[in-house]
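Down below is the structure, laid out as structure tokens.
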Amino acid sequence: MTIDTTVRIDGRALINGDRVGASSGETFVTINPATGEALAEVARGGAADVDRAVAAARAAFESGAWSRRDAADRGAVLRRLADLIDHNAAEFALLESLDMGKPLSQTSTVDVPGTAATFRWYGELADKLTDEVPSTPPGSTAIVSRVALGVVAAIVPWNYPLDIAAWKLAPALVAGNSVVLKPAETTSLTALRLGELALEAGIPAGVLNVVPGPGSVIGRALGLHPDVDALTFTGSTAVAKKLLTYSGESNLKRLSLEAGGKSSNLIFADVEDLALAAEKAAFGAFYNQGEVCSANSRIFVERPVYDEFVGLLTAAAEAYRSGDPLDPASGNGALVSESHADGVAAAIEAAARDGELIGGERIQRQGSRAFIEPAIVAGLPLSHSLHRDEVFGPLVVVQAFDHEDDAVRAANATDYGLAASLWTSSLSRAHRVSERLVAGTVSVNTVDALGSTTPFGGFKQSGFGRDLSRHAIDNYVGLKTTWFQHA
């Protein structure tokens, strides 16, 4: 099967409805991690470009062309955008695969359809967001309204560039805000194309702006900008902490931060289908090259089924062997860059040195060294860094346990609290353990469960605020009380 890889790429920023170069005239080259070849030159935005984008967003918000538009009309525009994404699905899927390295078979069936579904879901929600009329004393009436905050900055990661952009944009836009979107420097292409389609769908100029460039420059400028009312972010805990500081140093802008994770998967001996648990565990650890913030990168297995489970997991990992991202037979593609692969390879070397390693080979393909096979490591003490630190690659730690309390204690012994999974045929155990696990989402007899109707986010140093569901709207609105005294 031959895939046409020719696609039009415009790397200029989108500011106030126009495709423009950076104020400095500088560009950077975005690389296909699977080949090491240049894909396109992209505008290298700077602080001046952030100022232009924020000014455009503010003017658009104050104009009321979007912020005071009927909610049903805003919803219709988002649904048109979803339709345009579907119409251009092949282009988006190819761009995402070339730019990020993930398999085309995944971008075309998960990332792009999921993006359209998110915009469509919030488009349907638009006119169903209601105000409140609370109880007040006789002779008075109060209305509690959810009002748009104004200008929202959205900083999104490189592992799901298009999908997570939709998680931020759809609820912020449906609430009436204007947005400045900062895509990851390594994966800017689909965000820029999305901005074009937003204009075509009917979102007014200036309501959605896209400024590519280095996070240390664009992210910092947005975090410190006095005219940004709210900032939403998905990425590392280290950067999330910087954004907290920037907010405090500037205007106390509202923050919603989805940061790191080190999620656990607990396999109890009473699980009904151990093979299914192993198959799903491989998915939870290795899908998307393991570059998933909620990846179940630690698996705790009750000792009576430990050896059998490790054998089943090793077999299931074969489905995630790396290959050409454009080959439908590839289970995984390339990691996002060779430099990121260097860090993952170093973690695998530590696993081999300190524990018992299965797999984890680094492979060169098509001139690129960004390919790493799934790695399973056993025999590491709970104090080892691989039980604590987010690797963001196809590496999972497997550990035996003897008692339920030990498993829960080990699962919670991390700075993060994004997600967790558990497998058991006991309903009482499922309720008891899920209640004790410190995680924003606990998946029972599955892994990494999420959907448009349920909130996604974490506790502890995984951040605060929630993406997806009606609850994501709370990131982008403020509660306003209007009190009428009429007697």
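Only heavy atoms go into these numbers, but all of them, side chains included; no hydrogens, no water, no symmetry mates.
The shortest heavy-atom contact between Ser425 and Asp270 is OG-O, 2.6 Å. Leu125 approaches Arg470 most closely through the heavy-atom pair CD1-NH1, 3.3 Å. Nearest approach of Gly195 to Leu208, heavy atoms of both residues: CA-CD2, 4.2 Å. Closest of all the heavy-atom pairs between Ala282 and Leu313 is N-CD1, 3.7 Å.
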Exercise for the section: Could you go through the ring-ring contact (aromatic ring centres under 6.0 Å, His included) check for Phe268 and Phe401 one step at a time? Expected result: CA-CA 9 Å; Phe268 288 93; Phe401 70 87; 5.4 Å; yes

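Remark: Arg362 engages Asp342 in a salt bridge, criterion side-chain N to carboxylate O under 4.0 Å. The residues Asp389 and Lys262 are annotated as not salt-bridged, no charged nitrogen and carboxylate oxygen being separated by less than 4.0 angstrom. Contact check on Arg80 versus Asp83 returns no salt bridge, with no Lys/Arg side-chain nitrogen under 4.0 Å from an Asp/Glu carboxylate oxygen.
A side-chain donor from one of Ser23 and Asp49 sits under 3.5 Å from a side-chain acceptor of the other. Lys168 and Ser256 form no side-chain donor-acceptor contact under 3.5 Å, judged by distance and modelled atom types alone. Checked by atom type, the side-chain pair Thr190/Asp99 shows no donor-acceptor distance below 3.5 Å.
Ring to ring, Trp167 and Tyr160 are not that close: their centroids are 6.0 angstrom or more apart.
With sequence neighbours left out, the salt bridge (charged side-chain N to carboxylate O under 4.0 Å, His left out) criterion links Asp354 to no other residue.
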